[in-house]
Amino acid sequence: IVADEELPNGFKLKPKIVKRITKKTIYIRLIGDYKSNDYSQAWEKIWKFIKEKHLFGFNQENLGVAYNDPGITESDKCQYDCCVTINKDIKPEGEIGIKNIEGGQYAVFKYKGSFDNIGSIYDAIFKTWLPESNYELRDAPCFEKYKKFSKTNPDKNKTEVFIPVK
């Protein structure tokens with residue numbers, strides 16, 4: 001059990017339960033240690049591609065899908081997708097892929113702060129909230145929605161963590 005005072009920046013284990021529709025994304029996959037991947041370079045490439053292909057759209061979302069628990073998977077084999085939702089049809093090109101982020105019911109946790117603490121957020125959700133909730137995990141990946149990002153002040157980052165539940 002994780003006490004609230006152990007959680008970063010006043011993070012609360014009180015999610016909002018939402019239904020999402022399936023969304024098409026373009027993405028770049030990074031493989032390696034979550035702490036040492038070059039995320040900024042991947043995001044820059046994605047946004048350059050969006051600009052070149054005129055894929056700007058209303059309500060685009062920056063999403064991150066981490067597929068592995070670094071406590072279980074060797075760090076050099078961990079997979080993470082930098083994704084941006086799109087509304088147009090496009091073909092994959094180079095390292096830019098196309099995939100859907102599955103819709104359905106999610107528990108959404110709001111977090112403000114550095115991405116360095118995101119692992120402790122997931123630990124709290126899976127070790128404390130999920131076993132005490134009336135929900136079960138669905139067979140879909142968890143993902144993060146980046147609402148606000150600050151290179152200069154990471155404590156101002158705003159992230160929503162989506163946990164697929166049934």
Novice: Please evaluate residues Gln105 and Arg138 with respect to the criterion side-chain hydrogen bond (donor to acceptor under 3.5 Å, both in side chains), reporting the C-alpha separation (whole Å), side-chain torsions for both, the decisive distance (0.1 Å), and the verdict.
Specialist: CA-CA 9 Å; Gln105 184 169 264; Arg138 274 190 304 117; over 6 Å; no
Novice: Below 6.0 angstrom between ring centroids: does that apply to Trp129 and Phe109?
Specialist: yes
Novice: OG1/Thr159 to CD/Glu144 distance, rounded to the nearest 0.5 angstrom?
Specialist: 6.5 Å
Novice: Just wondering, do Asp69 and Tyr122 contact through their side chains at under 4.5 Å, heavy atoms?
Specialist: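 Heavy-atom side-chain distance check fails, nothing below 4.5 Å.
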Novice: Please tell me whether Leu63 and Ile50 are part of a single hydrophobic cluster in this structure, the criterion being side-chain heavy atoms less than 4.5 Å apart.
Specialist: no
Novice: Who pairs with Thr73 by side chain to side chain contact (heavy atoms under 4.5 Å, CB included), at least two apart in sequence or on another chain?
Specialist: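 For Thr73 the side chain to side chain contact (heavy atoms under 4.5 Å, CB included) partners, ignoring immediate neighbours, are Asn68, Lys77, Cys78.
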Novice: Between Ile101 and Leu137, is there a shared hydrophobic cluster once you connect ILVMFWY residues whose side-chain heavy atoms come closer than 4.5 Å?
Specialist: no
Novice: Group every Ile, Leu, Val, Met, Phe, Trp and Tyr by side-chain heavy-atom contacts under 4.5 Å, then state whether Leu13 and Val108 land in the same group.
Specialist: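 No, no single cluster joins them.
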Novice: Tell me, do Tyr34 and Ile118 make a side-chain contact under 4.5 Å, heavy atoms counted?
Specialist: no
Novice: Identify whether Trp47 and Phe49 are in the same connected component of the hydrophobic contact network (ILVMFWY, side-chain heavy atoms under 4.5 Å).
Specialist: yes
Novice: Measure from the ring center of Tyr146 to the ring center of Phe115 and say whether it is less than 6.0 Å.
Specialist: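 Yes.
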Novice: Would you say Lys53 and Lys88 make side-chain contact, with heavy atoms under 4.5 Å?
Specialist: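 With C-beta onward as the side chain, the pair stays apart.
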Novice: Is there a side-chain contact between Ile86 and Gln60 in this structure, where contact means two heavy atoms from C-beta onward sitting under 4.5 Å apart?
Specialist: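 Yes, close enough: below the 4.5 Å cut-off.
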Novice: Distance from Thr25 atom OG1 to Asn100 atom CG, nearest 0.5 Å?
Specialist: 7.0 Å
Novice: Using the salt bridge (charged side-chain N to carboxylate O under 4.0 Å, His left out) rule, take Glu44 and Lys48 through it: C-alpha gap first, then chi angles, then the decisive distance, then the call.
Specialist: CA-CA 6 Å; Glu44 285 171 19; Lys48 182 179 178 211; over 6 Å; no
Novice: Please give me the minimum heavy-atom distance between Gly97 and Pro92, naming the atom from each residue.
Specialist: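 Minimum heavy-atom contact is CA-CB, 4.2 Å.
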Novice: List the atom of Cys82, the atom of Tyr39, and the distance in Å for their closest heavy-atom pair.
Specialist: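 Where Cys82 meets Tyr39 most closely, the heavy atoms are SG-CD2, 4.4 Å.
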Novice: Specify the closest pair of heavy atoms between Asn87 and Gly57, including all atoms of both residues, with the distance to one decimal.
Specialist: ND2-CA, 4.4 Å
Novice: So if I apply the side-chain contact (heavy atoms from CB on, under 4.5 Å) rule between Lys23 and each of Lys99, Glu102, Glu61, which one comes out positive?
Specialist: Glu61
Novice: Around atom CG of Asp38, are there more than 12 heavy atoms from other residues, nucleotides or ligands closer than 6.0 Å?
Specialist: yes
Novice: Quick one, Glu160 and Tyr106 - any side-chain contact, counting heavy atoms below 4.5 Å?
Specialist: no
Novice: What is the minimum heavy-atom distance between Arg29 and Asp81, and which atoms define it?
Specialist: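 Minimum heavy-atom separation between Arg29 and Asp81: NE-OD1, 2.7 Å.
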Novice: Give, for atom OG1 of Thr85 and atom CZ of Phe58, the distance between the pair rounded to the nearest 0.5 Å.
Specialist: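 If I round to the nearest 0.5 Å, the distance is 11.5 Å.
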Novice: A side-chain contact here means heavy atoms from C-beta on lying under 4.5 Å apart; do Phe162 and Val18 qualify?
Specialist: yes
Novice: Got more than 12 heavy atoms from elsewhere within 6.0 Å of OH, Tyr135?
Specialist: no
Novice: Is there a path of hydrophobic side-chain contacts, each under 4.5 Å between heavy atoms of I/L/V/M/F/W/Y residues, joining Ile31 to Ile28?
Specialist: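 No; tracing contacts between hydrophobic side chains, which count when under 4.5 Å, never links both residues.
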Novice: Can you tell me if Lys24 has over 12 outside heavy atoms packed within less than 6.0 Å of its NZ?
Specialist: yes
Novice: Of the non-hydrogen atoms in Cys83 and Ile46, which two are nearest, and what is the gap between them?
Specialist: N-CD1, 4.4 Å
Novice: Please report the C-alpha distance between Phe11 and Asn117 in whole Å, then the side-chain angles of each, then the deciding distance to 0.1 Å, and finally whether the side-chain contact (heavy atoms from CB on, under 4.5 Å) criterion is met.
Specialist: CA-CA 10 Å; Phe11 173 78; Asn117 296 323; over 6 Å; no
Novice: Looking only at heavy atoms, what is the nearest atom pair of Ser114 and Asn157, with distance?
Specialist: CA-ND2, 4.3 Å
Novice: Kindly compute the distance separating NZ (Lys91) from CG (Asp89), expressed to the nearest 0.5 Å.
Specialist: 8.5 Å
Novice: Nearest 0.5 Å please: distance from the NZ atom of Lys145 over to the NZ atom of Lys158.
Specialist: 13.0 Å
Novice: Return the CD1 to CD1 distance between Ile26 and Ile90, rounded to the nearest 0.5 Å.
Specialist: 7.5 Å
